[in-house]
Chemist: 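Got a structure for you, written out below as structure tokens; questions coming shortly.
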There are 2 protein chains.
Amino acid sequence: MAEKAKIRSLPKFAHLPQGDFDQVYAAAAGRSFAAGATVSEQGDVATYFFVLLDGRLRVTQVTAESQQVIVRIVNPGDLFGIAKALQRTDYPGTATAVSDSVVLSWPMARWSDFMGNYPSMAMSAMQTMGTRLQEAQARMRELATEEVERRVAHAVLRLGEQSGREEAGGIRIDFPVSKQDIAEMTGTTLHTVSRILTAWEHAGLVVGGQQKLLLKDRRRLALIGDGEVPGLLGG
Amino acid sequence: MAEKAKIRSLPKFAHLPQGDFDQVYAAAAGRSFAAGATVSEQGDVATYFFVLLDGRLRVTQVTAESQQVIVRIVNPGDLFGIAKALQRTDYPGTATAVSDSVVLSWPMARWSDFMGNYPSMAMSAMQTMGTRLQEAQARMRELATEEVERRVAHAVLRLGEQSGREEAGGIRIDFPVSKQDIAEMTGTTLHTVSRILTAWEHAGLVVGGQQKLLLKDRRRLALIGDGEVPGLLGG
DNA sequence: TGGCCAGCTTGCGCTTGCTCAAAGTTGCGG
DNA sequence: CCGCAACTTTGAGCAAGCGCAAGCTGGCCA
């Protein structure tokens, strides 16, 4: 089974002894989701946790006033839906496939089991949480101190880093991103995002299109993000 | 040693077998810090990790433009300075004592050791990170979607919850908090915080004072925080 | 007891970016 | 090839809250 070899090679599982891996693998169920489908829903009882094998997911939370916020993008190899690690019995957010996706799932009941018996998985889970915590704090800092244009710069750079693919002329964001999506990542409106990206496109920093984004000048974007350059709005 | 018994009773260590606890305890060094002293500094090589025994710490990060952000408040019993868990070799933030404080410290080199050999400590560390991650995400959501007055309401309620003491007439925040501090927690300016708290004080929701804060009407504050009530500014 | 300093209050003008509104664009299914 | 739906652009007006500036308060130390 080609899939098994592929999974074996994920950093997440690479350090697991072969016997342990076989057991972990045996407990897993694979499942496919078409773009637009919901993998797990905010508030539902968390019955499974997952690893994304292929595709791309968007994790959102909806506030009491039904404003949506994009918490993160899940990339292949990432662990998600680990409610148990957050001391929760329900999923804190909704995971939606933005491209056709394949996930591996385990019953949540096995979580403590895995953590207790496979130290290398526990380590890996902890690393995941550490990375996420740092990203969350970075975004907090941005939201608290930066104006919109810088936040958008950071957001698209992050997208490029985590979900980008080198391409002639720049870094292509590897799944459909709408202006609305970027707005929900940065705490602004799609209108403002549109204005900013249009200005950047005129300056040759990016190339846009319907749910498409190509970063052409990463360095200048970073300068805007770090506030070392005035920003292009209002010019 | 009375201190040892006190430590033993912390939830963090309560589930550790006695032998393990003795070993962990033997590796620890205690240290006191006067209010205002710095326990660990952003960017320094992370040589120790800590548990706060007594007092209160403020963890801040400074942005490239030297704007300060308060990441969290450390309360007695909390683990902090766990750079290793975040895959870092340096401290991501500065921890400063806001009251006279006592901490227990371990060499960072022991971290993997502890995590590998004492599963109940690993579990507890994971819980800590889970809690923090959720709090960070909640604050992200607030910063992205709520206006200032609601964010301030959430911030003071959180302070009350995590660091408050019941008192005749309300919940007293148990350490000195300045308006500037609240501003740095909510991503606003001390001016705006001052205006908001003044309005609330007139309405009988809180009582302020130099670096003092008493929450008198938790329920109405929660209503403001949840946006179910117009807010008192501009009245 | 007087001076000093950190922290706080308050007023005013101005900017950022939001809201509302309307029209333009793109891609897909039939 | 048409029509529709989703997505995007652009404009105009407006308000939340920031920056600046000036003055106030209360605690602490000489």
Chemist: B/Gln211 or A/Glu149: which one's nearest nucleotide on DNA chain C is closer to the 5' end?
Modeler: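 Closer to the 5' end of DNA chain C: B/Gln211.
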Chemist: Counting only side-chain heavy atoms from C-beta out, which of D/dC18, C/dG17, C/dT19 sits nearest to A/Val148?
Modeler: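 Per side-chain heavy atoms of A/Val148, the pick is C/dG17.
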Chemist: What pairs of residues pass the side chain to side chain donor-acceptor pair (under 3.5 Å) test when at least one of them lies in residues 205-214 of chain A, not counting sequence neighbours?
Modeler: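 Side chain to side chain donor-acceptor pair (under 3.5 Å) check on residues 205-214 of chain A returns no pairs.
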Chemist: Calculate the interatomic distance between A/Leu190 atom CG and C/dA21 atom C1'; express it in whole Å.
Modeler: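 After rounding, the gap between these two atoms is 13 Å.
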Chemist: Does OP1 or OP2 of D/dT9 have a side-chain N or O of A/Ser194 closer than 4.0 Å?
Modeler: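 Result: yes.
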Chemist: It should be established whether B/Thr192 places a side-chain nitrogen or oxygen under 4.0 Å from OP1 or OP2 of nucleotide D/dC18.
Modeler: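 So the side chain of B/Thr192 is within the cut-off, an N or O lying under 4.0 Å from OP1 or OP2 of D/dC18.
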Chemist: Could you give me the CA-CA distance, side-chain angles and deciding distance for A/Arg218 and A/Glu161, then say whether salt bridge (Lys or Arg N to Asp or Glu O under 4.0 Å) is met?
Modeler: CA-CA 10 Å; A/Arg218 194 188 202 142; A/Glu161 210 120 306; 3.5 Å; yes
Chemist: Less than 4.0 Å between a side-chain N and a carboxylate O, is that true for B/Lys179 and B/Glu184?
Modeler: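 Salt bridge absent between B/Glu184 and B/Lys179.
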Chemist: So which atom in A/Arg139 and which in A/Ile70 form the shortest heavy-atom distance, rounded to 0.1 Å?
Modeler: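 For A/Arg139 and A/Ile70, the tightest heavy-atom pair comes out as NH2-O, 3.0 Å.
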Chemist: From the options C/dT10, D/dA12, D/dC7, select the nucleotide whose nearest atom is closest to the side chain of B/His191.
Modeler: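 Of the candidates, C/dT10 comes closest.
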Chemist: Atom CD of B/Gln67 and atom P of D/dC18: how far apart are they, to the nearest Å?
Modeler: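 After rounding, the reported distance stands at 11 Å.
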Chemist: Between A/Thr189 and C/dT19, is there a contact of a side-chain N or O with OP1 or OP2 at under 4.0 Å?
Modeler: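 No, outside the criterion.
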Chemist: Give the angle between the helix axes at the two ends of the helix from C/dT1-D/dA30 to C/dG30-D/dC1, taking five base pairs at each end and rounding to 10°.
Modeler: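 Between the first-five-pair axis and the last-five-pair axis there is 40°.
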Chemist: How long is the line joining CZ of A/Arg151 and P of C/dG17, in whole Å?
Modeler: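 Result: 7 Å.
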Chemist: For B/Val193 and for A/Lys212, find the nucleotide of DNA chain D with the closest heavy atom, then tell me which residue's nucleotide is more 5'.
Modeler: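 Its nearest nucleotide lies further toward 5', so the answer is A/Lys212.
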Chemist: Just compare C/dG11, C/dC8, D/dT8 and give me whichever is closest to any side-chain atom of B/Gln210.
Modeler: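 Of the candidates, C/dC8 comes closest.
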Chemist: Measure the distance from CG on B/Leu197 to P on C/dG7 and round it to the nearest whole Å.
Modeler: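 In whole Å, C/dG7 P lies 16 Å from B/Leu197 CG.
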Chemist: Salt bridge or not for A/Glu167 and A/Lys216, using N-O below 4.0 Å?
Modeler: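 A/Lys216 and A/Glu167: not salt-bridged.
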Chemist: Could you tell me the separation between the CD atom of B/Gln180 and the P atom of C/dA6, rounded to a whole number of Å?
Modeler: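 From B/Gln180 CD to C/dA6 P: 13 Å.
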Chemist: If you only use heavy atoms from C-beta on, which nucleotide in C/dT10, D/dT9, D/dC7 is closest to the side chain of B/Arg195?
Modeler: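 Of the options given, the side chain of B/Arg195 lies nearest C/dT10.
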Chemist: Work out which heavy atom in A/Thr186 is nearest to a heavy atom in A/Ala155; give both atom names and the distance.
Modeler: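 Closest approach of A/Thr186 to A/Ala155: CG2-CB, 3.5 Å.
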Chemist: Return the value, rounded to whole Å, for the distance between atom CZ of B/Arg150 and atom P of D/dA16.
Modeler: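 After rounding, the reported distance stands at 14 Å.
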Chemist: Output the rounded distance in Å from CG (A/Leu143) to P (D/dG17).
Modeler: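 It is 15 Å, rounded to the nearest whole Å.
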Chemist: Please report, rounded to the nearest Å, how far the P atom of D/dC18 is from the CD atom of B/Glu147.
Modeler: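 Whole-Å distance recorded here is 12 Å.
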Chemist: Please determine if A/Asp54 and A/Lys6 form a salt bridge, counting it only when a charged side-chain N lies under 4.0 Å from a carboxylate O.
Modeler: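 Result for this pair is yes, salt bridge flagged.
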